[in-house]
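The structure appears below as structure tokens.
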Amino acid sequence: MARLFGTDGVRGVANVAVTAELALDLSVAAAHVLADRGAFAGHRPRAVVGRDPRASGEFLSAAVVAGLASAGVDVDDVGVVPTPAVASIVAASGADLGVVLSASHNPMADNGIKFFARGGHKLPDDVEDAIERRSGEEWARPTGAGVGRVRRDDEAGPAWARALGASAPHRLDGLKVVVDCAHGAASELGPLALATAGADVVVVGAAPDGVNINDGVGSTHPEVLQAAVLEDGADAGVAFDGDADRCLAVDATGALVDGDQIMGVLALALAERGELRHDVLVTTVMSNLGLVLAMEAAGIRCARTAVGDRYVLEEMRRGGYALGGEQSGHVLLLDHATTGDGVLTSLHLLARVAESGRTLADLAAGIPRLPQVLVNVPGVDRAAAGTDPGVRDAVAAAEAELGDTGRVLLRPSGTEPLVRVMVEAPSAETAQEVADRLAGVVRQRLTLREE
């Protein structure tokens, strides 16, 4: 059977794949696994539970709270808050466990369950596997005073936002900023954090009704933010996704500033302050070559990982690095948070604008983006993408043709018979031509034949 936990918790269609029964069973199992590993030794266990505003989060969070309390865990229900807020509240409060009900940037019908350990860190794979194995098992239930107590805490989220805003490395006074909250978990707290830091905030996409999360707004639809920045004459704009663990930006001209450019701007700022440990920025293999070249010119090395924020986090913790992330806007600032935090990212990006006296457009221009083309080739043997002689020869020829001016990446899908062909080149035309040529070779050599 496929592993229930993916790279970012359990996720699927709510009330089909992610049910109330599953949420309750996993919560009980998590309490038992952590108890058996000594996480609750010597004290009464406590958990923090939060969610995004999806309608399904109402019954799923109720199930999680019920499961934890029935297993003897006291619960602080912090309501609708961003995913990184739960991690931060767990760390600051000394809670033993955090649970988030969210499917991030996924469509509204989806939902997910994500656990954090004490300190606000994601659970290791072996702990998730143990929780999965023990889900639904028979167990001895506590009674009387042994059951968990449930407390609603509506102040933890705003306190997190105000503290985050106050922690910005530079005040944002004088900056007019449009904030697109994706009708998501940061609809109140994102603008509060930016206003606390001094920004003049214009808010869009901040009217969640349980069904409109990510619907035509947020980081997956930056065109809304681009229009709003131009209409309001703002200095910049930032867009979060449904659970606010990622952030994209828009400069005053309406141009998009993606995760690579955000990381580049932040890396240069940290290096200038002597805070970019080991002068390393951790990125994935999908980050644009333009970022790598700009960092090399500044004496900063890019350590590249497989795609997925969990791999970025693993490399950062292994090497003791301060900054990493993905092109999608999932940025990790480990001196300030244990997980990706879109609101934190926006604060640090805008603080750099305010501190430097330069426009966001000017700062982002220092991180050029080479034209990048991605072609998906379906119906092929993805496992052979790295071993087929014909494909390898074609890739080698393309790499020789591009030299230091471009890059080729063939990435097999982890779940589908699909190979993704990515090419970066000095011009869009060259990138498209090389990508189409390689896709043709992949299609010719690796197409699955019907038996």
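- For Ser56 and Asn111, the side-chain atoms include at least one donor-acceptor pair closer than 3.5 Å.
- The backbone N or O of Leu448 sits nowhere less than 3.5 Å from a side-chain atom of Asp381 that would complete a donor-acceptor pair.
- A donor-acceptor pair under 3.5 Å is formed between the side chain of Thr338 and the backbone N or O of Gly120.
- Between Met286 and Arg420 there is no side-chain heavy-atom pair separated by less than 4.5 Å.
- Looking at Lys114 and Asp245, no side-chain N of the basic residue comes within less than 4.0 Å of a carboxylate O on the acidic one, giving no salt bridge.
- Of all heavy-atom pairs between Leu230 and Ala252, the closest is CD2-O, 3.6 Å.
- Under a 3.5 Å cut-off, the side chain of Ser356 and the backbone N or O of Arg352 do form a donor-acceptor pair.
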Stepwise salt bridge (Lys or Arg N to Asp or Glu O under 4.0 Å) check, Lys122 with Asp309: CA-CA 11 Å; Lys122 186 179 182 297; Asp309 66 281; over 6 Å; no
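- Shown here for Ile131 and Leu26, the closest heavy-atom pair between the two residues is CG2-O, 3.7 Å.
- A salt bridge links Arg152 to Asp77: one of the charged nitrogens lies within less than 4.0 Å of a carboxylate oxygen.
- Contact check for Ser70 versus Val28: side-chain heavy atoms found under the 4.5 Å cut-off.
- Residue Leu313 is tested with Thr339, Val282, Leu334 for a side chain to side chain contact (heavy atoms under 4.5 Å, CB included); the sole match is Leu334.
- Across all non-hydrogen atoms, the minimal contact from Leu175 to Ala354 is CD1-CB, 4.1 Å.
- Side chain of Thr19 to main chain of Val16: no donor-acceptor pair is present (N/O by atom type, distance under 3.5 Å, no hydrogens or angles).
- Between Gly237 and Val177, the closest heavy-atom pair is CA-CG1, 4.4 Å.
- Using a 4.0 Å cut-off between a side-chain N of Lys or Arg and a carboxylate O of Asp or Glu, Arg3 and Asp129 qualify as a salt bridge.
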Chi angles and distances behind the side-chain contact (heavy atoms from CB on, under 4.5 Å) call for Asp241, Thr220: CA-CA 7 Å; Asp241 63 341; Thr220 53; 5.5 Å; no
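- Counted within 6.0 Å of CZ on Arg44, heavy atoms from surrounding residues, nucleotides or ligands total more than 12; the atom is thus considered enclosed.
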Gln327 vs Thr284, side-chain contact (heavy atoms from CB on, under 4.5 Å): CA-CA, chis, key distance, verdict: CA-CA 8 Å; Gln327 195 178 59; Thr284 77; over 6 Å; no
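- Residues Asp74 and Arg151 have side chains not in contact (no heavy-atom distance under 4.5 Å, counting atoms from C-beta outward).
- To the nearest 0.5 Å, atom NE2 of residue His336 and atom NE2 of residue His348 are 4.0 Å apart.
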Val100/Asp243 under side-chain contact (heavy atoms from CB on, under 4.5 Å): CA gap, chis, key distance, verdict: CA-CA 9 Å; Val100 181; Asp243 72 337; 5.6 Å; no
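- For the atom pair CE (Met263) and CG (Leu333), the distance works out to 10.5 Å, reported to the nearest 0.5 Å.
- Residues Leu101 and Val64 are in side-chain contact: their nearest non-hydrogen atoms beyond the backbone lie under 4.5 Å apart.
- Side-chain contact between Thr305 and Glu314 is absent, with no heavy atoms from C-beta onward closer than 4.5 Å.
- Side-chain contact between His183 and Asp215: absent, with no pair of heavy atoms (C-beta onward) separated by less than 4.5 Å.
- Between Asp260 and Arg369 there is no salt bridge, since none of the side-chain N atoms of the basic residue sits less than 4.0 Å from a carboxylate O of the acidic one.
- With values rounded to the nearest 0.5 angstrom, Phe59 atom CZ is found 12.0 Å from Arg54 atom CZ.
- In this structure the side chain of Val78 never reaches within 4.5 angstrom of the side chain of Trp160, judged on heavy atoms.
- Ionic pairing of Glu326 and Arg246 is not present here: no N-O contact between side-chain nitrogen and carboxylate oxygen is shorter than 4.0 angstrom.
- Here Met316 contributes atom CE and Leu332 contributes atom CG; the two are 5.5 Å apart, rounded to the nearest 0.5 Å.
- In this structure, Ser104 and Arg11 have side chains that are in contact, with non-hydrogen atoms separated by less than 4.5 Å.
- Here the side chain of Glu424 pairs no donor or acceptor atom with the backbone of Arg407 at under 3.5 angstrom.
- The two residues Ala186 and Pro191 come nearest to each other via the heavy atoms O-CD, 3.2 Å.
- A donor-acceptor pair is defined here as one N or O able to donate and one able to accept, closer than 3.5 Å; no such pair exists between the side chain of Asp76 and the backbone of Arg46.
- With hydrogens and angles disregarded, no donor-acceptor distance shorter than 3.5 Å links the side chain of Asp232 to the backbone of Ala234.
- Using a 30° and 60° split on the angle between ring planes, Phe115 and Phe5 fall in the tilted class, from 30° to 60°.
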Intermediate values then yes/no, side-chain contact (heavy atoms from CB on, under 4.5 Å), Leu97 and Val73: CA-CA 9 Å; Leu97 178 66; Val73 179; 5.7 Å; no
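- Residues Arg134 and Asp36 are paired through a salt bridge, judged by an N-O separation under 4.0 Å between the basic side chain and the carboxylate.
- Paired with Ile300 under the rule side chain to side chain contact (heavy atoms under 4.5 Å, CB included), one option of Leu323, Leu291, Leu281 passes, and it is Leu281.
- Within the model, atoms CZ of Arg277 and CG of Leu270 stand 9.5 Å from one another, a figure rounded to the nearest 0.5 Å.
- The line from CG of Leu4 to CZ of Arg133 is 12.5 Å long, rounded to the nearest 0.5 Å.
- In terms of heavy atoms, Leu360 sits closest to Val250 at CD2-O, 3.7 Å.
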Side chain to side chain donor-acceptor pair (under 3.5 Å) between His43 and Asp96, worked out: CA-CA 10 Å; His43 66 279; Asp96 302 288; 2.7 Å; yes
